[in-house]
Amino acid sequence: MKVRTRFAPSPTGFLHIGGARTALFSWAYARRHGGSFILRIEDTDVARSTPEAVQAIIDGMQWLGLSHDEGPFYQMRRMDRYRQVIDEMLAAGTAYHCYTSKEELDALRAEQEARKEKPRYDGRWRPEAGKTLSPPPAGVAPVVRFRNPTGGVVAWQDQVKGRIEFANSELDDFIIARGDGTPTYNFCVVVDDRDMNITHVIRGDDHVNNTPRQINLLQALGAPVPRYAHLSMILGDDGQKLSKRHGAVSVMQYEEDGYLPEAVLNYLARLGWSHGDEEVFSMEQFVQWFDLDHITASAAQFNTEKLNWLNAHYLKLADAQRLAAEATRRLARQGVAVAGGPDVAQLAMLYRDRVGNLNELADALHPFYVAPRPKAEMAAQHLTEAAQKGLHALRERLAACDWQAAELGLAVKQTAAECGLKMPQLAIPLRVALLGMPQSPSIDAVLEVLGRERVLQRLAAVLSA
Ligand code: GLU
């Protein structure tokens, strides 16, 4: 059996963290088994679906590198197919027309509630042997209802939650097509899962209640029932259900906030799944390890600190060109052009293990491109008379110095000694003068990458101030 999984988002918003985890697990399962991963856009809720949301989902998946093998399939483009299956079911007697009006349904519900019963359709238009149905009322467009089995149970072995069972008496003959002929949600999912030969349905556990209906429908269609894995929800850092309150819920917000996709993926992989104590692993490794048996049935709790830690870890591994491109793009957003300035790749390597995310990287690089003005308070604290003297002497020495880190480091050291300053008493004012802040990576590397002209200019600026 070739494994076929799908991710089936409703395009009513961004790709959020929970959806991304569902997509990741479905993708990984298909990859693990050499199968196919299908993207299906469930856009039948016309009022809430938007093309922007479709794009946001596709962008999010692309950013994460969760490539699909088939699709995207759009349910709104499959309407003819759904109608065809409805006709087949009507012909086979597994579905029937129901003419009950809204008023009748309201009255039925009121009666049932008065008797403290669960409101459900009473099957008045359900054809049965020996039962005579009233003639269809004129001018009423009927809905189509599924002829749900009446007795027994519908059960499945959930890959995450274990055996789940529903009594058929709990499920009524639900509507599969509305009066205007449009098919309903559970019906479309079933036709698609069947037509797309889905073998494993991995989705959020908010769908557990749909599953018995979907299984009954599949069986009525004579279709094989896939395996189901219902993922528990994700809680926020505070233990509450993950929601917009928790800030970055859209995957692309993480991109904007400076996270690397591999950090987010590694983080998501461990959100409700484990492989021993492994915390840090590549996607290749994840795909080799991933299985449905080690998904936890309890809710997973989001942990921003851990995500940040992973992000810092992956930043340290990222290569110079990639970091340079990211920093360049993020500086450009701040209106800063790097062209003609210090080497951005060299700077990225200097800073990649000093920052937690790509925005911090861009911020750290900013003063290399835009000469900072040390704040008055900082200037007063660090650019003392003694320091200025040292900087003045250093400037003269640097004007003639061989522009290489080792030589530059030596020049700072010698100047400090000459002026009777300890190394930090010169190096810190130097940083303030060059970058507007008292800390930076090693001063010789900073001097080297800034270049002679910029260094001399910036020193002159603070010395003449
Ligand atoms: N469209 C559904 C959702 O976004 C998913 C349906 C499914 O996976 O079966 O929640």
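Atom set for the values below is all heavy atoms of this structure, side chains included, hydrogens, waters and symmetry mates excluded. Ligands are counted one by one from 1 in listed order, and the atoms in each one are counted from 1 as well.
A cation-pi geometry, defined here as NZ or CZ lying under 6.0 Å from the six-membered ring centre and within 45° of its normal, does not hold between Arg32 and Tyr29. Note that Arg145 lies in the cation-pi zone of Tyr121, set by a 6.0 Å cut-off to the ring centre and a 45° limit from the axis.
Using a 4.0 Å cut-off to heavy atoms of Glu42, the atoms of ligand 1 that qualify are 1 (N), 2 (C), 5 (C), 6 (C). Close contacts of ligand 1 with Arg6, meaning ligand atoms under 4.0 Å from a residue heavy atom, involve 7 (C), 8 (O), 9 (O).
In terms of polar-atom proximity, defined here as any N/O pair under 3.5 Å, Ala8 does make such a contact with ligand 1. For a threshold of 3.5 Å applied to N or O pairs, the pair formed by Ser10 and ligand 1 contains at least one separation below that value. Considering backbone and side-chain atoms alike, Arg40 places every N or O at 3.5 Å or more from each N or O of ligand 1.
Separating the OG atom in Ser250 from the CD1 atom in Ile17 is a distance of 8.0 Å, to the nearest 0.5 Å.
Distance from atom 10 (O) of ligand 1 to its nearest protein heavy atom, with residue and atom name: His207 NE2, 2.9 Å.
Tyr259 pairs with exactly one of Asn357, Asn311, Asn308, Asn359 by the side chain to side chain donor-acceptor pair (under 3.5 Å) rule, that one being Asn308. Of the options Asp69, Asp192, Asp193, a salt bridge (charged side-chain N to carboxylate O under 4.0 Å, His left out) to Arg6 is made by Asp193 and by none of the others.
At least one heavy atom of Tyr185 sits less than 4.0 Å from an atom of ligand 1.
Salt-bridge annotation for Glu42 and Arg77: absent, with no side-chain N of the basic residue lying under 4.0 Å from a carboxylate O of the acidic one.
When non-hydrogen atoms are compared, ligand 1 lies under 4.0 Å from neither the backbone nor the side chain of Tyr228.
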